[in-house]
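The next block holds one structure in the form of structure tokens; read it before the comments.
Naming: A, B, ... by sequence-line order, numbering from 1 per chain. When reading the values below, keep in mind they use all heavy atoms of this one structure, side chains included, and skip hydrogens, waters and symmetry mates. Every value quoted in this text rests on a predicted model; they were computed, and no experiment measured them.
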Number of protein chains: 2
Amino acid sequence: MADDDTLSVTFAALSDPTRRAILARLRQGEATVGELAAPHAMSLPAISRHLKVLERAGLVSKGREAQWRPCRLDAAPLREVDEWLRGYRAFYENRIDRLAAQLADEEES
Amino acid sequence: MADDDTLSVTFAALSDPTRRAILARLRQGEATVGELAAPHAMSLPAISRHLKVLERAGLVSKGREAQWRPCRLDAAPLREVDEWLRGYRAFYENRIDRLAAQLADEEES
DNA sequence: CGGTTAATTGATGATTTGGTTAAGTACAGC
DNA sequence: GCTGTACTTAACCAAATCATCAATTAACCG
């Protein structure tokens, strides 16, 4: 990861497929740590730590209900990712259109 | 990083501010390794490695022109990020609108 | 109280990351 | 061919990451 700026922490949190799977699961609603761990061939402590990474990135928040820690998605940091991405959108959108336009230009000359 | 799926590699590459700065610089057009290194208080080898990370992620490609390696932005992987993000857009967009709606509901009841 | 369940924390270890300096490669030009 | 410029690779080191199992905390329940 290296730095602690929001974007770096967010991207780092998203760079692990297990963590992205957890986020995907949380779109369907709250889930306990155990429920989140179930689909993964991984120990519970490992999932607990992945959740801590997501929490530190502000992507997940945990409640306390008896001995359960219901987790829920907190997507706000993704908006920053979206805004960052916006600065690059022109470079990857309509790629085919722009390629076609370029080819047309070449043909004209 | 951990895994080698495209999205993981891309997010990992983006999780470093130096690398994001390099991408930002490349939006303005091609640049040599030395030119990319100049703004950073960091040795040239360090930048060279950052570039290799970006290359492996498919975000940058290098040419060869005499002893220079002109680098250019290759934004295609960012489209995948955009697509991934799309699945979460509903959770972070119109946050204020949805909050207002929720408050209105509460007031009604 | 004692036992079970849910989850976190500690200790450990392998691997990766991100930086350094020093040496090596490749090309340009005198 | 020699020298300087551009960049990469090698060797090394410190710190972070990601997993493990074992121990701990905390709450419920009979």
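Taking only distance into account, the side chain of A/R49 meets the base of D/dT20 through a donor-acceptor pair shorter than 3.5 Å.
Note on A/S43: every side-chain N or O is 4.0 Å or more away from OP1 and OP2 of D/dC21. Phosphate proximity of D/dT9 to B/K52: present, with a side-chain N or O under 4.0 Å from OP1 or OP2. Checking the phosphate oxygens (OP1, OP2) of C/dT17, no side-chain nitrogen or oxygen of B/H50 falls inside 4.0 Å. Distances shorter than 4.0 Å separate some side-chain N or O of B/K62 from OP1 or OP2 on D/dT8. Here A/S48 does not reach the OP1 or OP2 of C/dA7: none of its side-chain N or O atoms lies under 4.0 Å away. Of the side-chain N and O atoms in B/T32, one or more sit less than 4.0 angstrom from OP1 or OP2 of D/dC7.
Connection of B/W84 to A/L73 is established within a shared hydrophobic cluster, with ILVMFWY side chains joined at heavy-atom distances below 4.5 Å, either directly or through further cluster members.
Put simply, CG on B/L44 is 6 Å from C1' on D/dC7, counting in whole angstrom units. Atom CD1 of A/I47 and atom P of C/dA6 are 15 Å apart (whole Å).
Closest approach of B/L44 to B/G34, counting heavy atoms only: CD1-CA, 4.2 Å. Residues A/R64 and A/P70 approach most closely at N-CD, 4.1 Å, considering heavy atoms. Shortest non-hydrogen contact noted between A/Y88 and B/R20 is OH-O, 3.7 Å.
Proximity note for B/W68 (side chain, C-beta onward) versus D/dA27, D/dA6, C/dA6: the nearest is D/dA6. Listed nucleotides: C/dA6, D/dA27, D/dC21. Nearest to the side chain of A/R64: D/dA27. You'll find that the side chain of B/V33 is closest to D/dC7, out of C/dT20, D/dT20, D/dC7.
Ranked by how close their nearest DNA chain D nucleotide is to the 5' end, B/E35 and A/A41 are led by B/E35. Judged by closest nucleotide on DNA chain D, A/R19 is the one of A/Q67 and A/R19 placed further toward the 5' end.
Between B/R56 and B/D4, no side-chain nitrogen of the basic residue sits less than 4.0 Å from a carboxylate oxygen of the acidic one, so the salt-bridge criterion is not met.
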